Structures are given as structure tokens and as C-alpha cells.
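Notes for the one structure printed next.
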Protein chains: 2
Amino acid sequence: MSRRQQILDTAAELFAQRGFHGVSVADLGAACGMSGPALYKHFAGKDAVLAEMLVSISRWLLDGGRAAAAAHTDPDDVLAALVDHHVGFALEHRALIVVQDRDWSSLPDAAREEVRTLQLAYVEIWAEQLCRRGPSMTRDRARAAAHAAFGLINSTPHSGLLPDDDMRTLLTGMALAALGG
Amino acid sequence: MSRRQQILDTAAELFAQRGFHGVSVADLGAACGMSGPALYKHFAGKDAVLAEMLVSISRWLLDGGRAAAAAHTDPDDVLAALVDHHVGFALEHRALIVVQDRDWSSLPDAAREEVRTLQLAYVEIWAEQLCRRGPSMTRDRARAAAHAAFGLINSTPHSGLLPDDDMRTLLTGMALAALGG
DNA sequence: CGGCTCGGTTAACGATCGCTAACCTTGGCG
DNA sequence: CGCCAAGGTTAGCGATCGTTAACCGAGCCG
């Protein structure tokens, strides 16, 4: 594993535990086995670590969403694939999920705008499928429902009680039920 | 409105936007119309503001949960009342909801322990009702399901698109469906 | 009136932060 | 060998933070 990746992984864990502002560069360096300013050999600054982290996961989420939408035609099938993809991500990257909606506001302006755009596009994929299932669903209601489903699925990190497999089936079932499948 | 309460309300809003560590005492004072250290005439410190905020909302949530459990006998009815109570709280105190699961870790030790205890008791109320509905639900699964429902309901602040009434019916319906009512 | 409390001010202290500078060591290579 | 780039180190700078200290005006009350 490259040093860059080690820093990103460690930072995700620390940021998830104590928040972006609650982790110093010295903390982060120490957790990586080096001390303090060595981090600047790999990143332009503390902000840049957060930015790379959040932009890349937003891109990954959106790409998976697009793939799910392209792989099926029936909106129910697309939604099932979307839930699957999102649940898998949340289980595999619990720390990133926490950081994403906690420290979003600490991003530098450019990165924050990029993340915002990516997330909006991702929400639109969900909302479109929800609207395709029937005319009773307005676009805003669909967007709000998508956010609610994200909240449900993203609750994973807050309850580490179940083995991953059980958690996956529980969350998938609850999310699909909530979305009225 | 007392000065204390004004500080608490303003702090909830600011903490929700920028995080506990992202708001300085000077910021908080300025937002209240005074400047900086005047805050110490009302609170022992910045920590104490966060502590009072989170302890009081945890207590309020738990009290409402207990009332809901005492008001009905059928577990489905209790769950409906719990969802109602939680949705109402989330809609009325969006900022507090954000702060609670973002800045929980910034609490001083004593307050963090108290909040943890209160929240655990609250989760148990939900979990017990879920278990009472059938033997197929293990206790850990019930706890995880409760957390997932919280995540769903607490997504409110992230999507301010719908009027409160529409949001309330949407979230209530989704939460009950997710819980398998 | 005299004094006390309450709620505010500004100044300043010590700690910590992100970041830069200067230096050192190691490995690959012409 | 000589050199350079990569990836570390420590020292230290400037800014900002939470907090305290010292002071002050308004209002209440004996």
C-alpha cells in the first residue's frame, strides 16, 4: 500500500472519530508512523487530504449509481441495484460515510462545489427511478425519499452490533420497504 | 427568551453548520450580539454549552419515548407513537439532530457518558417493541433496526425541500414501512 | 446616597494549530 | 565515486483558539 493511500485511510478513520477540526496534522502523522510535517511531502495540506477523500468517494458512489441505472430497465430493478450498491459501500467504508456528511463543510471551496455537484447527480439517479414508478411521486418528494434512504443506509457506522452479512440483509430489506418496493 | 436560551439556540445553529470545533467562542458571542468572553457569564466554557445542549435533547427524546411506551399496549401502536415523536422532534429541532451525532465525541467525559446512557435507554425502548412483535427478531437485530430508523428520520436536515407537513407524512410512512409495520 | 450584583467590555496569556524552512539520510544511477 | 531526488527529521513562525483578569456602567435595595 502506498504512503498516500495509508494517509488517506488513516485520516478517514481519525476524521470519522474526532472530526476534521479535531484531528491535528501531528496526530495524523503519528498515526501513520511518521511525525507531523512529513505529510506535506504527499499532500498540499490538511485540506487536500479531506478533499481527495471526499471527492473520490463521491465519484465512486455516482459511478456505481450510473452503472446500476444502465444495467436494468425496470425502475424496481434499478432501485434494488442502487440499494445494493449503496449498502455495500456503506458497509465497506464506514469511516468515509461518517466523514462525508460530517465534514463536508470543512472542504475548500472548489472541492466542496465538486462534491456537491456529484452528490446532486447521485440523488437525481435515485429520484428519477422513484418518479418512474408512478405519477403520484413528485420530484421533490422523490429527492427527500432518496435522502431518507441514504440516512437509513448510512446509519451503519452507528451500530456495529451485527455481522456484516446480517447487517447487509437488514439494511437492504428496510431500505426497499421504506422506498415502497 | 433568556440569554442562556439564546446562546443555546444560536450555538445549536452554528455547531450544526460548521461543527463544534469549527465555531469559536468569539463567533458564538458575535452571533448572539455580544462579543467573545461575555459567554462565560452564562456558561462555564464552550464545552458546557455543548453538554447542556446534548444532555437536554437526549433527556427529552428519552422522556417522549417512555411516554409513548406507556400510552399504548400493542407494540404496533407504541412504534407508531415512537415514530411520531421522533419525527416531530427531528422536524422541530433540525440543528440539534445534526449536532447530536456529529459532535457527540467532543463532549467532556462526564457529559458524554450521560448522553450515551440516555441514548442507550432510548434505543432499548424501540428494540423492545420490535422484539415484542415476534420471536423472529433478535435483540441485536432490533437495535440495529432502531438505529436505521433513526438514520432515516434524522435525514431531515439534509433535505429541506419539502414543507414540514409533507416531510412529516413522508418520513412517518417510510419509517413505519422500514420497520415492517 | 452608598454599595452590591449582574452582565457586559477590552487586554492579554498560554496552548495549539497549520505550515514553512533548513537539514539529514538513503537508494538509484550516469 | 558524485549527484540528485525522495522522504523523512526538528525548529520555529504567525495565527487563532479557549480562557482569565481587570475594569465598568446600569439597576436594585437598605
Side-chain angles (χ1 to χ4, degrees), chain A residues 1-55 95 98-99 102-112 115, chain B residues 1-55 95 98-99 102-112 115:
Chain A
M1 177 173 41
S2 77
R3 206 90 227 229
R4 250 184 100 85
Q5 196 56 46
Q6 181 199 5
I7 293 174
L8 285 170
D9 293 349
T10 308
E13 222 65 51
L14 289 183
F15 291 169
Q17 283 174 29
R18 307 199 295 250
F20 177 72
H21 291 292
V23 177
S24 71
V25 172
D27 290 338
L28 179 51
C32 292
M34 53 203 199
S35 232
L39 187 136
Y40 291 83
K41 302 289 177 170
H42 305 273
F43 289 93
K46 197 187 164 194
D47 291 344
V49 178
L50 181 69
E52 174 146 339
M53 206 161 65
L54 294 194
V55 168
V98 172
V99 176
R102 177 208 261 166
D103 291 317
W104 175 80
S105 57
S106 300
L107 282 171
D109 290 354
R112 185 167 60 246
V115 168
Chain B
M1 177 172 44
S2 77
R3 204 89 228 232
R4 251 185 100 85
Q5 196 56 47
Q6 182 199 4
I7 293 174
L8 284 170
D9 292 349
T10 310
E13 222 64 51
L14 289 183
F15 292 169
Q17 283 174 29
R18 299 185 287 201
F20 178 72
H21 291 291
V23 178
S24 71
V25 172
D27 290 338
L28 178 51
C32 292
M34 52 202 200
S35 232
L39 186 136
Y40 290 83
K41 302 290 178 172
H42 305 275
F43 290 93
K46 195 188 168 195
D47 291 342
V49 178
L50 181 69
E52 174 146 340
M53 206 162 65
L54 294 195
V55 168
V98 173
V99 176
R102 176 207 262 168
D103 291 317
W104 175 82
S105 58
S106 300
L107 281 171
D109 290 352
R112 184 169 60 242
V115 168

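Bear in mind the structure is a predicted one, so any value in this text is a computation, not a measurement. Every chain is numbered from 1, with letters handed out A, B, ... down the list of sequences.
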Kindly give the atom pairs (protein nitrogen or oxygen, nucleotide nitrogen or oxygen) under 3.5 Å for nucleotides 16-19 of chain C.
unit_1: C:dG18; atom_1: OP1; unit_2: A:Val23; atom_2: O; d: 3.3
unit_1: C:dG18; atom_1: OP1; unit_2: A:Lys46; atom_2: NZ; d: 2.7
unit_1: C:dG18; atom_1: OP2; unit_2: A:Val25; atom_2: N; d: 2.8
unit_1: C:dC19; atom_1: OP2; unit_2: A:Tyr40; atom_2: OH; d: 2.7
unit_1: C:dC19; atom_1: OP2; unit_2: A:Lys46; atom_2: N; d: 2.9
unit_1: C:dC19; atom_1: O5'; unit_2: A:Tyr40; atom_2: OH; d: 3.1

Please enumerate all protein N or O atoms sitting under 3.5 Å from an N or O of nucleotides 5-8 of chain C, with distances to 0.1 Å.
unit_1: C:dG8; atom_1: OP1; unit_2: B:Arg3; atom_2: NH1; d: 2.2
unit_1: C:dG8; atom_1: OP2; unit_2: B:His42; atom_2: NE2; d: 2.7
unit_1: C:dG8; atom_1: O6; unit_2: B:Lys41; atom_2: NZ; d: 2.6

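Between the CG atom of B:Leu39 and the P atom of D:dT20 there is a distance of 12 Å, given to the nearest Å.
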Contacts table for residues 33-51 of chain B: side-chain donor-acceptor under 3.5 angstrom, sequence neighbours left out:
unit_1: B:Lys46; atom_1: NZ; unit_2: B:Phe20; atom_2: O; d: 2.9
unit_1: B:Lys46; atom_1: NZ; unit_2: B:Val23; atom_2: O; d: 2.8

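Taken from CG in B:Asp27 to CG in B:Leu14, the straight-line distance is 7.0 Å, to the nearest 0.5 Å. Considering OG of B:Ser105 and NE2 of B:His21, their distance stands at 6.5 Å, rounded to 0.5 Å.
Looking at every heavy atom in both residues, A:Glu52 comes nearest to A:Leu8 through OE2-CD1, 3.7 Å. B:Phe15 and B:Arg102 get closest at one heavy-atom pair: O-NH1, 2.6 Å. In terms of heavy atoms, B:Trp104 sits closest to B:Leu54 at CA-CD1, 4.2 Å.
Within residues 7-14 of chain A, no residue has a heavy atom under 4.0 Å from DNA chain D.
Evaluation of the salt bridge (Lys or Arg N to Asp or Glu O under 4.0 Å) rule for A:Arg112 yields A:Asp109 as partners, not counting sequence neighbours.
Counting only residues at least two apart or in different chains, side chain to side chain donor-acceptor pair (under 3.5 Å) contacts with residues 8-17 of chain A comprise A:Gln5-A:Asp9.
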